[in-house]
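Here the structure is a predicted model, which is why all the values come from computation and not from measurement.
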2 protein chains.
Amino acid sequence: MVKKQRSLQRREESLSRDSIIEASVALLDSGGEDGLTFRALSERLSTGPGAIYWHIADKSDLLTAACDSVVARTIHEIVETTPEETIRAIAAGLFDAISTHPWIGSALTSAPGASPIVRIVESIGQQICQLHVPETHQWTAAGALMAFILGVSSQNAANGQLARRQNLDRTDFLEALSTTWSQLDPEEYPFARSVAGRIRDHDDRADFLAGIDLILMGIESMRLRSQA
Amino acid sequence: MVKKQRSLQRREESLSRDSIIEASVALLDSGGEDGLTFRALSERLSTGPGAIYWHIADKSDLLTAACDSVVARTIHEIVETTPEETIRAIAAGLFDAISTHPWIGSALTSAPGASPIVRIVESIGQQICQLHVPETHQWTAAGALMAFILGVSSQNAANGQLARRQNLDRTDFLEALSTTWSQLDPEEYPFARSVAGRIRDHDDRADFLAGIDLILMGIESMRLRSQA
DNA sequence: ACCTGAACACCGTTCAAGT
DNA sequence: ACCTGAACACCGTTCAAGT
């Protein structure tokens, strides 16, 4: 009879916004942006495509909600220490999350002002306040950090997706990119050629965190200057 | 007979990669990302949808090519002065270009390593070299600037598109965003609430350029530190 | 109130057939 | 070599009809 109760409960698990979002995240993770389809989704949830529209407005709503669920979890896991360290932790957490769920990158930039963005702004902004950045500069500092984090992370995720589409691993992909850049016209592309070698064996994540430190240094300079 | 020659010439203008890209940019500008369709494109070029595939690999190729044509034009227009000023000019030029052609933002992030990105890296990198940033840090500096420029510009463009979709102008949109943020839960979102007012009448472009200065300050700190 | 699934109006892409 | 346009295999979304 335990069995009976179990299967009864299971059948009572009706369609809900949360279960739809959970299934969407799974589909996006396994099949990328193209993997999320109302047909694939309804099949996975053993229902019809129309049923989903009772709980979700449209595909954009669905994508933002899926995005928000991952962002919320990521930010929730951050352990707060010093402001600088916490900002680095937020940055690294989002970088890794976007790396594992590459679809987040593009979903975030097409949902400005929506809840996932607000979560990120908030978590960064609270640390900016604790750094004693004057009120008039807080938005500049938080906005710059957020844009940088999302910008680099999305770019990195896009690299990974491109590599996967070409059936290469990360090393082979960077190798190929490095080779292409090193063969560019020396007259027109001296810089790209000169950094081509460095690209081959660089660590995107370390570079990213170095960029964060760069901005933190800039924020410190700004703070000092505005005090003078 | 002049007339005859003219119309003859005009008919001889057959389909070419360039004319396809030009038409694509026009469609993207007027109808956004959804406006670019092989059917709409072939109609505009008075041909069949299949004809386009003779000159272009697929839609992704088409989007990257359209993107590249705008980026190339933008970078070409930059007048070189001091390294810092030139970097600001590149940044402002790209910000404005992405503002006018909002579809560039998402197209750029989904085409990593492709020619438009290389153009941008190159133009920024050349200035970084002139700032006497040590070789080992050049890629970090150029990469950080690029990510920031593309990140903020895309975000800004996405804001504009969202506003347009809601039939609001920029002021009304920021007004609405500010109101939403000011009504957030004070316990959970103190920062977003506190900057809500500042968002209403801020200048995205000025904020963006302030962010660029922030990063330039960070690069200067990095350079000084690595010399010591 | 919530779900079903056929139907509608689209897509990108292919390909035999033309010139 | 280049173009045509019908056809294929999909989409997101709607909506009468069910429970």
Side-chain angles (χ1 to χ4, degrees), chain A residues 7-28 30-67 103 106-107 110-111 114 161-162 165-166, chain B residues 7-28 30-67 103 106-107 110-111 114 161-162 165-166:
Chain A
S7 66
L8 239 164
Q9 275 189 323
R10 207 179 271 173
R11 229 189 300 137
E12 269 166 15
E13 273 175 23
S14 69
L15 211 55
S16 72
R17 203 180 147 87
D18 280 347
S19 64
I20 293 173
I21 291 167
E22 196 186 341
S24 300
V25 171
L27 280 175
L28 286 162
S30 68
E33 285 183 84
D34 298 339
L36 181 59
T37 286
F38 278 84
R39 279 169 182 82
L41 193 56
S42 61
E43 197 183 344
R44 188 179 246 266
L45 296 165
S46 331
T47 180
I52 292 158
Y53 281 88
W54 188 263
H55 304 273
I56 255 95
D58 53 20
K59 193 166 185 184
S60 147
D61 180 28
L62 184 57
L63 212 56
T64 307
C67 199
W103 48 273
S106 51
S110 47
Q161 279 187 304
L162 191 66
R165 217 168 301 140
Q166 294 171 356
Chain B
S7 66
L8 239 164
Q9 275 190 323
R10 206 177 273 174
R11 229 188 301 137
E12 270 166 14
E13 274 175 25
S14 69
L15 210 54
S16 72
R17 203 180 147 86
D18 279 348
S19 64
I20 293 173
I21 290 166
E22 196 186 341
S24 300
V25 172
L27 280 176
L28 285 162
S30 68
E33 285 182 82
D34 298 340
L36 181 60
T37 286
F38 278 84
R39 279 168 183 81
L41 192 56
S42 61
E43 196 182 346
R44 188 178 246 266
L45 296 165
S46 332
T47 179
I52 293 158
Y53 281 89
W54 189 262
H55 304 274
I56 256 98
D58 52 21
K59 192 165 185 184
S60 147
D61 180 30
L62 184 57
L63 213 55
T64 306
C67 200
W103 48 273
S106 49
S110 46
Q161 280 186 305
L162 191 66
R165 218 169 299 142
Q166 295 170 356

Peer 1: Restricting to non-hydrogen atoms, name the atom on B:E33 and the atom on B:L28 that form the minimum distance, rounded to 0.1 Å.
Peer 2: CA-CD2, 3.9 Å
Peer 1: Can you tell me the distance, in whole Å, between the CZ atom of B:R17 and the C1' atom of D:dC3?
Peer 2: 18 Å
Peer 1: Report yes if the side chains of B:K59 and B:L36 come closer than 4.5 Å at any heavy-atom pair, otherwise no.
Peer 2: yes
Peer 1: Select base, sugar-phosphate, or nothing to describe what A:S42 touches, counting heavy atoms under 4.0 Å on all strands.
Peer 2: nothing
Peer 1: Assign each of B:H55 and A:S60 to its nearest nucleotide of DNA chain D by heavy atoms, then name whichever residue's nucleotide is nearer the 5' end.
Peer 2: B:H55
Peer 1: Rounding to a whole Å, what distance do you find between B:E33:CD and C:dC11:P?
Peer 2: 15 Å
Peer 1: With respect to the side chain of A:Y53, which nucleotide from C:dG12, D:dG5, D:dG12 is positioned closest?
Peer 2: D:dG12
Peer 1: Taking 4.0 Å as the cut-off, does a side-chain nitrogen or oxygen of A:W54 come that near to OP1 or OP2 on C:dC3?
Peer 2: no
Peer 1: Here's a test for you: under side-chain contact (heavy atoms from CB on, under 4.5 Å), which of A:L27, A:V25, A:D34 qualifies with A:W103?
Peer 2: A:V25
Peer 1: Please walk me through it: do B:R17 and B:D61 pass side-chain contact (heavy atoms from CB on, under 4.5 Å)?
Peer 2: CA-CA 11 Å; B:R17 203 180 147 86; B:D61 180 30; 3.4 Å; yes
Peer 1: What is the separation between atom CG on A:L45 and atom P on C:dG5, rounded to the nearest whole Å?
Peer 2: 14 Å
Peer 1: Counting the atoms with a prime plus P, OP1 and OP2 as sugar-phosphate, which does A:L36 contact under 4.0 Å by heavy atoms, base, sugar-phosphate, or nothing?
Peer 2: sugar-phosphate
Peer 1: Please report the distance, rounded to the nearest Å, between CD1 in B:I20 and P in D:dC2.
Peer 2: 12 Å
Peer 1: Using purine N1 to pyrimidine N3 plus N6-O4 or O6-N4 for Watson-Crick, or N1-O2 and O6-N3 for G-U wobble, each under 3.5 Å, what pairs with C:dA17?
Peer 2: none
Peer 1: What is the distance, rounded to the nearest whole Å, between atom CG of B:D61 and atom P of C:dT13?
Peer 2: 10 Å
Peer 1: Identify the heavy atoms of A:D58 and A:F38 that sit nearest to each other, and give their distance.
Peer 2: C-CZ, 4.2 Å
Peer 1: CD1 of B:I52 versus C1' of C:dG12: gap in Å, rounded?
Peer 2: 11 Å
Peer 1: Nearest-Å distance, NZ (B:K59) to C1' (C:dC11)?
Peer 2: 8 Å
Peer 1: Would you mind reading off the distance between B:R39 atom CZ and D:dA6 atom P, rounded to a whole angstrom?
Peer 2: 11 Å
Peer 1: I want to verify a distance call: between C:dC3, D:dG12, D:dC3, whose nearest atom is closest to the A:T37 side chain?
Peer 2: D:dG12
Peer 1: Who is the Watson-Crick or G-U wobble partner of C:dC8, with both distances under 3.5 Å?
Peer 2: D:dG12
Peer 1: Need to verify one output field. Residue with the more 5' nearest nucleotide on DNA chain D, A:D34 or A:A51?
Peer 2: A:D34
